[in-house]
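First the structure, in the form of structure tokens, and then the observations on it.
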Amino acid sequence: MIVDTDYQPLPFYLAPESPQNKDTLHVVMSDMHSGSNYALFIKGTWEGTKGNNHTATSKQVKIRNHFEIFAEELKQARQGKQVKLIHNGDAIDGDHHNSGDVCTTNPLEQARIHVDLMEEFKQRIDWQAGDLLYYTRGTQTHVNEFENWIGEQVNAVPDGDFYVHDLLKLWTNGNLSLFAHHGPSRGDGANEGNSMRNFLRNVQQEAVKDNRIIPDVLWTSHVHYPTYSPYGYRANGMNFKNMHGIITPAWQLKTSFGWQVAALKQEKIGGVYQEIKADGTICIPKFSIMETE
């Protein structure tokens, strides 16, 4: 067998020149569905451009209370650390199912509500110089192209000419994290995590076949039911590595459509964050989930 001593794996995603390593929090929110009457909402009464208005319902008040709890938790956790804040898709609700369960069907008005919420969140977590904000693209029928507009308004890190990423690639302290809105399901009961592990295994195997760098962490959203699942693989010889798979919770309770398709699933509202230490250690993610009945 001929061994190519000059072999180098092709880069899956090229790592930029990194500044000095620093303990970093990846803070991930997703599926805020701003504009939905079942989702996180601003304080006070919102007034639209056509005379319509909306005041948060009792359920939305409960979601907001948890929003403030999550922000305070992060404010404490981020001390001495950089924050990379990612909104992983479905920033606005649109009028996907023509249900009328929105305060306005105007996507621009929904986008402005979302911008207000994100600016409030940044302030609450003590946003600092060096912190970074990213947006990934959600479901087209919900968001159309408004996540690009939102990203520009909130100074998100662009992807070329756009302020939203189809697939976000982040290098942090020598580790590669990928963020995409759509991914595997969580699975239920004894099967929880199986879909994610299979997903991670497929990504790892395809990277090996193509001589590419294997990502360390994969984040997905969309299904509104969070989970975390590691997948261990043999990197070389008897050296083993872990890939980390994370599905994020949402900031929207079940809509009338949701009750039709998943009536028995418990609602999981909240956010999640993961520390990647300066030495490259990847910590287990921490979920902040609102209590529901």
Side-chain angles (χ1 to χ4, degrees), residues 9 11-13 15 24-32 70 74 77 83-90 134-139 165-210 212-236 239-252 262 265-277 280-289:
F12 196 6
Y13 299 104
T24 301
L25 291 185
H26 286 177
V27 179
V28 188
M29 303 174 74
S30 75
D31 298 279
M32 284 176 66
F70 180 50
L74 287 170
V83 165
K84 294 182 179 180
L85 172 59
I86 301 97
H87 189 277
N88 201 34
D90 282 359
Y134 301 85
Y135 273 78
T136 64
R137 194 182 304 277
T139 307
H165 300 247
D166 292 300
L167 175 65
L168 174 61
K169 295 86 65 175
L170 285 187
W171 285 92
T172 302
N173 299 334
N175 292 286
L176 174 61
S177 298
L178 304 184
F179 300 79
H181 181 67
H182 297 94
S185 65
R186 183 188 70 170
D188 294 317
N191 293 319
E192 181 175 340
N194 288 351
S195 294
M196 174 56 79
R197 281 187 289 274
N198 289 335
F199 179 72
L200 295 174
R201 181 170 56 187
N202 288 340
V203 171
Q204 183 260 335
Q205 287 293 313
E206 288 301 312
V208 169
K209 292 174 186 176
D210 294 336
R212 295 176 176 176
I213 294 172
I214 299 167
D216 300 288
V217 189
L218 284 89
W219 294 78
T220 63
S221 304
H222 184 63
V223 295
H224 289 212
Y225 296 102
T227 196
Y228 164 69
S229 184
Y231 166 66
Y233 65 94
R234 192 161 59 132
N236 54 71
N239 296 315
F240 288 80
K241 289 191 69 176
N242 259 340
M243 294 174 71
H244 303 255
I246 304 163
I247 302 176
T248 62
W251 290 92
Q252 181 189 42
K265 281 194 175 182
Q266 187 180 19
E267 297 163 309
K268 303 287 187 182
I269 301 297
V272 55
Y273 58 100
Q274 182 180 45
E275 182 177 359
I276 301 182
K277 294 185 178 295
T281 300
I282 302 173
C283 298
I284 294 174
K286 295 185 178 181
F287 290 82
S288 178
I289 303 297

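Counting from 1, the numbers follow the sequence of the chain as shown.
- Residues Y228 and I246 come closest through the heavy atom pair CD1-CG1, 3.8 Å.
- Side-chain contact between K241 and M243 is absent, with no heavy-atom pair separated by less than 4.5 Å.
- Between Y273 and F70, the angle of the ring planes lies from 30° to 60°, which puts this pair in the tilted group.
- At least one side-chain heavy atom of L170 sits under 4.5 Å from a side-chain heavy atom of I86.
- The closest donor-acceptor contact from the side chain of S229 to the backbone of G245 lies at 3.5 Å or more, if one exists at all.
- Closest approach of V272 to P285, counting heavy atoms only: CG2-CB, 3.9 Å.
- Between the side chains of H222 and S30, not a single donor N or O lies within less than 3.5 Å of an accepting N or O.
- N173 contributes a side-chain N or O that, together with a main-chain N or O of I276, makes up a donor-acceptor pair within less than 3.5 Å.
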- Task: Check step by step if side chain to side chain contact (heavy atoms under 4.5 Å, CB included) holds for I269 and W251.
- Result: CA-CA 5 Å; I269 301 297; W251 290 92; 3.9 Å; yes

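- If you take CG on N88 and CH2 on W219, they are separated by 9.0 Å, rounding to the nearest 0.5 Å.
- In terms of heavy-atom proximity, G270 sits nearest to P249 at O-CG, 3.1 Å.
- In this structure, the side chain of E192 does not engage the main chain of R186 through any donor-acceptor pair within 3.5 Å.
- Annotation for K277 and C283: closest pair CE-SG, 3.8 Å, computed over non-hydrogen atoms.
- Looking at residues two or more places apart in sequence or on another chain, you find a side-chain hydrogen bond (donor to acceptor under 3.5 Å, both in side chains) between S288 and H66, E73.
- For F179 against S177, the heavy-atom pair with the smallest separation is CE1-CB, 3.7 Å.
- In this structure, CZ in F199 is found 5.5 Å from CG in L218, a value given to the nearest 0.5 Å.
- Note: R197 CZ to Q204 CD = 15.0 Å, rounded to the nearest 0.5 Å.
- Here the shortest heavy-atom pairing between T248 and P226 reads C-CB, 3.9 Å.
- The structure places CG of N202 at 9.0 Å from OH of Y231, a figure rounded to the nearest 0.5 Å.
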- Task: Show your reasoning for whether side chain to side chain contact (heavy atoms under 4.5 Å, CB included) applies to T220 and M196.
- Result: CA-CA 10 Å; T220 63; M196 174 56 79; 4.0 Å; yes

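- In this structure, the separation between CD1 on I284 and CD on Q274 is 9.0 Å, given to the nearest 0.5 Å.
- Considering CD1 of I214 and OH of Y233, their distance stands at 4.0 Å, rounded to 0.5 Å.
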- What do the steps show when you test H182 against T139 for side chain to side chain contact (heavy atoms under 4.5 Å, CB included), and what is the final call? CA-CA 8 Å; H182 297 94; T139 307; 3.1 Å; yes

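- Checking side-chain atoms of D216 against main-chain N and O of L176 turns up a donor-acceptor pair under 3.5 Å.
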- Would you sort out whether D31 and Q252 count as a side chain to side chain contact (heavy atoms under 4.5 Å, CB included), showing the intermediate values? CA-CA 7 Å; D31 298 279; Q252 181 189 42; 5.9 Å; no

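- Side-chain contact between P215 and V203 is present, with heavy atoms from C-beta onward closer than 4.5 Å.
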